[in-house]
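First up is the structure itself, then whatever we jot down about it.
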Amino acid sequence: MAARLSGHELSDLCLGKPPLRALSVRDTVADALAALKRIDDTYVSVWNCNHSFIRKQQPQIQSQNQCCCTCIGKVCMLDIICFLSKPQSLSSPSAALHSPISAALQDNSAVLVLHLPPSASLLEAIDVMQEGVQNLVIPIQNQVESLDSNNVHHNNNTTYCWLTQEDVLRYLLNSIGVIDTKNLFAVCYDDPASSILDLLALSLIYQSSVAIVDPNGKFGGEISPVMLNSYDESVVPAIATLSAGDLTAYIDCGGPPEDLVQLVKERVKEKVEEQNMLELLGDETTRTGLTSWSSFSSSCSSDEEFCSGKNWKLGGYSARVGRRSEAIVCHRWSSLVAVMIQALSHRVSYVWVVEEDGTLTGIVTFQGMLKVFRDHLKSMC
């Protein structure tokens, strides 16, 4: 685990991060108050140089005793409220507002922020955050020039971003590889539904499902063991006669469309007629595989519910599962927490992984999630 974390550089986490808005230590409490009202961020960084976005001061040559721009802390609205609420501030509010911003900084503010190079490892970041650092100040590499007037350029025209503990946790959860591409069961929409029987048996073992894709690999739905478990033998004719794609509509909890019900009955009838013809021809080999069609046809004729796909446990259309047969999907960039919430809220043990264009790429299962947590716990021992 440690080796894997040390292989990630902080520059990976900085991708897409906006430049850090900065105040100068020479700014006043009133300046900080105005800055926090202008931005969406909870905190604004405070620096030991003259660069300040609130005063739109341009970069300037630093003196020898101020050769390096350094973030010395951060200030939030609560810091200002606490400062202005002190007795000495209440006695002279105007003077308090014109006090240097350093007066509103917490005593330990300097230890809450730390400069690190972009090449520093993720493991280094976690180590210093465990010691109490809340924000890591990182130079932005290969920055695209922005017209945002709030951006502040420090020494050597450098801009910075900062990483929070939340940023690190999100990166960890997003980068955990739990996508299973090996045990991915899928068939094409037009494949016979009967071709999925072996895959359905495997999906019970892996607590997953069978995906339906188009010829381009785009995800179109699923045939779920959870859904099929709510039916009885009346669904057998549909599996035997429909395509995999049509079966997804047939087992939908809203009930199969009437045209599919009629299609199943017609195809069962065709099979019976074929069986009768083979009996006349004396074709024993093929006839053996068709001996049950007469009973299916008889059942469809005598029992309207037999070929109608009704849920046998509650007498309705898949009411027990409480959801449509629409599949739950996520993306590669989805966080593990988000995927877990999806699965738990829909009471399924898997979530399909698709690309932005809908192409099926994998599946995340409870088993895979548990393996990640097991590996993590093992590394802590």
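Note that the structure is a prediction, hence the values are computed from the model and not measured.
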*Any donor and acceptor pair, going by atom type alone, linking the side chain of T359 with main-chain N or O of E355 inside 3.5 Å?*
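It does not hold such a pair.
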*Side chain of S195, backbone of D191: donor and acceptor closer than 3.5 Å?*
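Checked: no pair found.
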[X] atom [atom1], neighbour heavy-atom count above 12 within 6.0 Å:
X	atom1	result
D198	CG	no
Q367	CD	no
H98	NE2	no
Q88	CD	yes

If you compare all heavy atoms of [X] against all heavy atoms of [Y], which two are closest, and at what distance to 0.1 Å?
X	Y	answer
D167	L13	O-CD2, 4.3 Å
R21	D40	NH1-N, 4.5 Å
R332	T361	NH2-CB, 3.6 Å
I138	P118	CG2-CA, 3.8 Å
A104	D79	O-CB, 3.5 Å
V168	L122	CG1-CD1, 3.8 Å

N/O donor-acceptor pairs under 3.5 Å from side chains in residues 202-217, not counting sequence neighbours:
residue	atom	partner	partner atom	Å
S203	OG	L200	O	2.6
S209	OG	E222	OE1	3.0
S209	OG	I223	O	3.0
D214	OD1	N216	N	2.8
D214	OD1	G217	N	3.0
D214	OD1	K218	N	2.8

Less than 4.5 Å apart, side chain to side chain, heavy atoms only: is that true for [X] and [Y]?
X	Y	value
L136	W162	no
L90	P87	no
N183	T365	no
V364	V353	yes
R26	I101	no
L33	L97	yes
V133	V113	no
S89	F83	yes

*Partners passing side chain to side chain donor-acceptor pair (under 3.5 Å) against S119 (at least two apart in sequence or in another chain)*: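 None.
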*From D246 atom CG to I239 atom CD1, the distance as rounded to the nearest 0.5 Å*: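 Between D246 CG and I239 CD1, I get 13.0 Å after rounding to 0.5 Å.
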*Inter-residue atom distance M77.CE - L84.CG, 0.5 Å rounding*: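 Between atom CE of M77 and atom CG of L84 there are 10.0 Å.
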Do [X] and [Y] meet the criterion of a side-chain donor-acceptor pair at a distance under 3.5 Å?
X	Y	answer
S45	W47	yes
D31	T28	yes
Q262	E258	yes
K74	Q134	yes

*With sequence neighbours left out, what residues match F219 under ring pair (Phe, Tyr, Trp, His ring centres under 6.0 Å)?*
W352
